[in-house]
Protein chains: 2
Amino acid sequence: MTTELETRIRDAGLRVTGQRLAVLEALEGFPHADADAVNRRVQASLPGFSLQATYVVLNALTGAGLLRRIEPAGSPARYERRVDDNHHHVVCTGCGAVEDVDCVHGAAPCLAPSSTGGFTISTAEVTFWGLCPDCQARSQHPITDTQAE
Amino acid sequence: MTTELETRIRDAGLRVTGQRLAVLEALEGFPHADADAVNRRVQASLPGFSLQATYVVLNALTGAGLLRRIEPAGSPARYERRVDDNHHHVVCTGCGAVEDVDCVHGAAPCLAPSSTGGFTISTAEVTFWGLCPDCQARSQHPITDTQAE
DNA sequence: CTGATATTTATGAATCATTCATAAATAGCC
DNA sequence: GGCTATTTATGAATGATTCATAAATATCAG
């Protein structure tokens with residue numbers, strides 16, 4: 001039995017391994033996880049899977065186009081399965097939570113900066129910064145709130 | 001004699017020191033420099049100015065709003081004097097060169113994502129990725145080109 | 001199915017960017 | 001000119017990530 005995921009890995013020119021399958025599966029239900037979070041998730045099924053090995057796998061999958069890596073300022077790199085569309089991200093300035101944001105503009109106006117100084121633009125990356133619902137609530141009820149340490 | 005720069009530092013609530021003046025002056029003519037580049041530039045006038053001290057000064061100035069820090073994926077943090085407008089950046093995927101880009105959209109459409117998942121958006125950061133003129137030239141003449149190591 | 005080989009993983013050390021702790025120096029006020 | 005809080009200097013520490021090398025394994029040829 002060859003799964004959809006196995007085919008996808010092979011089609012990307014990579015060998016199919018348990019580690020790669022496990023990493024992709026971990027990110028399926030847990031987008032925007034960093035290497036450490038991916039590692040801890042995968043360890044459930046592959047005890048002894050080290051953080052360094054996680055980086056090797058994440059880099060291979062990212063290089064093959066099976067994962068997308070985002071690097072918001074101030075947080076370690078995060079990875080996601082959603083690679084085939086041009087979406088952006090909101091990052092919470094309070095807790096670092098990340099969510100996807102579909103660009104509202106059909107014509108991708110963000111791809112047309114005014115002056116590019118001679119640069120040939122290939123992609124535009126938009127990061128929105130703000131407060132997630134949880135952090136909004138926290139900032140409105142600072143007294144009754146018990147903040148986790 | 002009190003210079004413009006000294007006033008600006010004092011008005012930001014900071015004490016005026018030679019290190020802070022030197023860092024601001026270094027970034028005046030050399031925007032988007034990273035900590036190491038700033039340090040090397042300042043050492044010309046302040047021999048013995050360490051990288052760690054550079055970080056302390058950069059953080060103080062950034063915290064006081066006198067500098068803006070940008071952190072493009074894959075490169076160390078960079079600093080610039082231009083803090084009072086909402087401009088964006090182009091980063092060269094070949095060599096990492098950074099240039100300013102004024103947002104072409106008067107109404108800042110990038111600040112209005114379609115769905116924010118409950119987030120309250122405060123700022124939008126746009127990073128354009130592409131090839132700088134030098135790297136374009138290099139990729140068109142790969143044979144005759146001598147690449148620096 | 002079996003072996004050969006290139007790819008992948010595991011492990012520990014190394015690197016890079018940055019921060020922290022503490023002691024010495026100094027800016028700005030009295 | 002001295003006092004004190006702020007700032008700087010120094011060395012060590014941290015966090016994220018990569019590197020080097022050896023062991024394991026996926027895939028292919030026969």
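In the text below, chain A, chain B and the rest are named by the order of the sequence lines, each starting its count at 1. Reckoned from all heavy atoms, side chains included, excluding hydrogens, waters and symmetry mates.
Look at A/Ser50 and you won't find any side-chain N or O under 4.0 angstrom from OP1 or OP2 of C/dT9. Distances shorter than 4.0 Å separate some side-chain N or O of B/Thr17 from OP1 or OP2 on D/dT8.
Spacing between atom CG of B/Leu51 and atom C1' of C/dC20 amounts to 14 Å, rounded to whole angstrom units. Computed from coordinates, the A/Arg10 CZ to C/dA6 C1' distance equals 16 Å when rounded to whole Å. Residue B/Arg20 contributes atom CZ, which lies 13 Å from atom C1' of C/dG28 at whole-angstrom precision. Rounded to whole Å, the distance from CG on A/Leu46 to C1' on C/dA10 is 13 Å. In this structure, B/Gln43 atom CD and D/dA9 atom C1' are separated by 13 Å, rounded to whole Å. Regarding B/Arg78, its CZ atom lies at a distance of 16 Å from the P atom of C/dC16, rounded to whole Å. Atoms CD (B/Gln19) and P (C/dT26) sit 9 Å apart, rounded to a whole Å. We find that CG of B/Leu21 is positioned 10 Å from P of D/dT8, with the value rounded to whole Å.
Taking the side chain of B/Phe49 as heavy atoms from C-beta on, and the options C/dT9, C/dT18, D/dA9, the nearest nucleotide is D/dA9. Side-chain proximity of B/Ala77 to the nucleotides C/dA10, D/dT8, C/dT18 is greatest for C/dT18. Relative to the side chain of A/Tyr55, the nucleotides D/dA16, C/dA10, D/dT8 differ in distance, and D/dA16 lies closest. Side-chain proximity of B/Gln52 to the nucleotides C/dT19, D/dT17, D/dT7 is greatest for C/dT19. Among the nucleotides C/dT9, D/dT6, C/dT7, the one closest to any side-chain atom of B/Arg15 is D/dT6.
B/Trp129 approaches A/Glu125 most closely through the heavy-atom pair NE1-OE1, 2.7 Å.
Linking ILVMFWY side-chain heavy atoms closer than 4.5 Å, directly or via other members, places A/Val126 and A/Val90 in a single hydrophobic cluster. Under the 4.5 Å side-chain heavy-atom criterion for ILVMFWY residues, no single connected hydrophobic cluster contains both B/Ile70 and A/Ile121.
Position along DNA chain C of the nearest nucleotide to B/Gly18 versus B/Glu71 favours B/Glu71 as the more 5'-ward residue. In this structure, B/Val16 and B/Ala35 both approach DNA chain C, and ranking their closest nucleotides by distance from the 5' end singles out B/Ala35.
When side chains are defined from C-beta on, A/Leu27 counts as touching A/Leu58, because their heavy atoms get closer than 4.5 Å.
Remark: the backbone N or O of B/Phe49 is paired with a side-chain donor or acceptor of B/Gln43 at under 3.5 angstrom.
When heavy atoms are screened at a 4.0 angstrom cut-off, B/Asn59 is found touching the sugar-phosphate backbone but no base atom.
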